[in-house]
Amino acid sequence: MRHRKQVCALALTTLLAATPGVTGCGGSSPTDTASRGRTPAPSPSTTPPEDLCTLLITQWGRQIYDSGEETYGDYQSMGLSNGQYMILRDTLDLARAERKRQGADAGRKLIAREARERCERRYRDGEPSGGPWV
């Protein structure tokens, strides 16, 4: 058994030495890519926090609104912070009142509008103070 481990280690070392330019992360290094005449792929972009907040609130808001449920569920299982959850609850309360006055479509539009406005207000100075779950 010990001999087998030594043979495997030797084979792996030989294989790695015989294949230069291969990285452990499945790609080439930027210098290898540039030397071959290809430009490296751009870094992935991040979603601004107010856009992510709006997306989450709108998704959950529409799902709960359209289901007719009065319950909200656990905010952490929804991927929301406490502050985002409060935006969701307030927005749904407004949307339900709007549905009674103007109909279901008016309530859906209100969800999108309120989510955008409230999330922009929440993240206007970057991240809210107190950490990401506030």
Side-chain angles (χ1 to χ4, degrees):
M1 184 73 171
R2 184 175 177 171
H3 177 69
R4 181 180 289 171
K5 287 182 182 179
Q6 290 174 340
V7 170
C8 288
L10 181 60
L12 180 60
T13 304
T14 304
L15 177 65
L16 292 175
T19 53
V22 176
T23 64
C25 296
S28 302
S29 69
T31 54
D32 290 343
T33 304
S35 67
R36 292 188 195 125
R38 296 183 300 188
T39 57
S43 298
S45 62
T46 59
T47 303
E50 63 275 9
D51 292 346
L52 184 58
C53 173
T54 301
L55 181 70
L56 288 168
I57 302 301
T58 303
Q59 175 199 346
W60 284 112
R62 286 181 179 158
Q63 183 175 334
I64 294 167
Y65 179 82
D66 289 338
S67 73
E69 296 286 325
E70 291 296 319
T71 60
Y72 299 96
D74 175 44
Y75 72 94
Q76 290 177 333
S77 68
M78 297 172 148
L80 302 175
S81 69
N82 185 51
Q84 291 167 339
Y85 188 64
M86 297 309 295
I87 293 172
L88 173 65
R89 291 181 60 177
D90 293 345
T91 300
L92 280 169
D93 289 345
L94 292 170
R96 288 176 181 135
E98 185 72 6
R99 177 172 45 199
K100 289 178 183 175
R101 287 191 304 272
Q102 301 291 326
D105 285 341
R108 282 186 203 92
K109 289 177 184 174
L110 185 138
I111 290 171
R113 186 175 61 249
E114 283 292 319
R116 168 55 59 193
E117 290 173 8
R118 290 171 183 249
C119 287
E120 283 179 350
R121 201 173 322 133
R122 177 173 171 76
Y123 293 99
R124 71 179 167 264
D125 296 323
E127 294 293 321
S129 62
W133 294 107
V134 177

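Throughout, numbering of the chain's residues begins at 1 and tracks the sequence.
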Shared hydrophobic cluster for Ile87 and Leu94 (ILVMFWY, side-chain gaps under 4.5 Å):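 No, separate clusters.
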To the nearest 0.5 Å, what is the distance between [atom1] ([X]) and [atom2] ([Y])?
| X | Y | atom1 | atom2 | answer |
| --- | --- | --- | --- | --- |
| Thr91 | Arg113 | OG1 | CZ | 10.5 Å |
| Leu92 | Glu69 | CG | CD | 12.0 Å |
| Asp51 | Tyr123 | CG | OH | 11.0 Å |
| Ile111 | Arg99 | CD1 | CZ | 8.0 Å |

Under 3.5 Å, is there a donor-acceptor pair between the side chain of [X] and the main chain of [Y]?
| X | Y | answer |
| --- | --- | --- |
| Glu117 | Glu114 | no |
| Ser67 | Ile64 | yes |
| Tyr65 | Ala104 | yes |
| Trp60 | Met78 | yes |

Beyond-backbone contact of Cys53 with Leu56, side-chain heavy atoms, under 4.5 angstrom: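 Result no, sub-4.5 Å side-chain heavy-atom pair not found.
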Side-chain heavy atoms of Asp90 within contact of Arg118, under 4.5 Å: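 SC-SC contact between Asp90 and Arg118 confirmed.
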Where do [X] and [Y] come nearest, in terms of heavy atoms and distance?
| X | Y | value |
| --- | --- | --- |
| Gln84 | Gly79 | OE1-O, 4.1 Å |
| Ala115 | Thr58 | CB-OG1, 3.6 Å |
| Gly107 | Ala95 | O-CB, 3.6 Å |

Qualifying residue, where the test is side chain to side chain contact (heavy atoms under 4.5 Å, CB included) with Glu98 and the options are Arg96, Gln102, Lys100: Gln102
Check ion pair Arg124-Glu120 (N to O, under 4.0 angstrom): no
Asp66 bridged to Arg108 by N-O distance under 4.0 Å: yes
Worked verdict on Leu80 versus Ile57 for side-chain contact (heavy atoms from CB on, under 4.5 Å): CA-CA 8 Å; Leu80 302 175; Ile57 302 301; 4.2 Å; yes
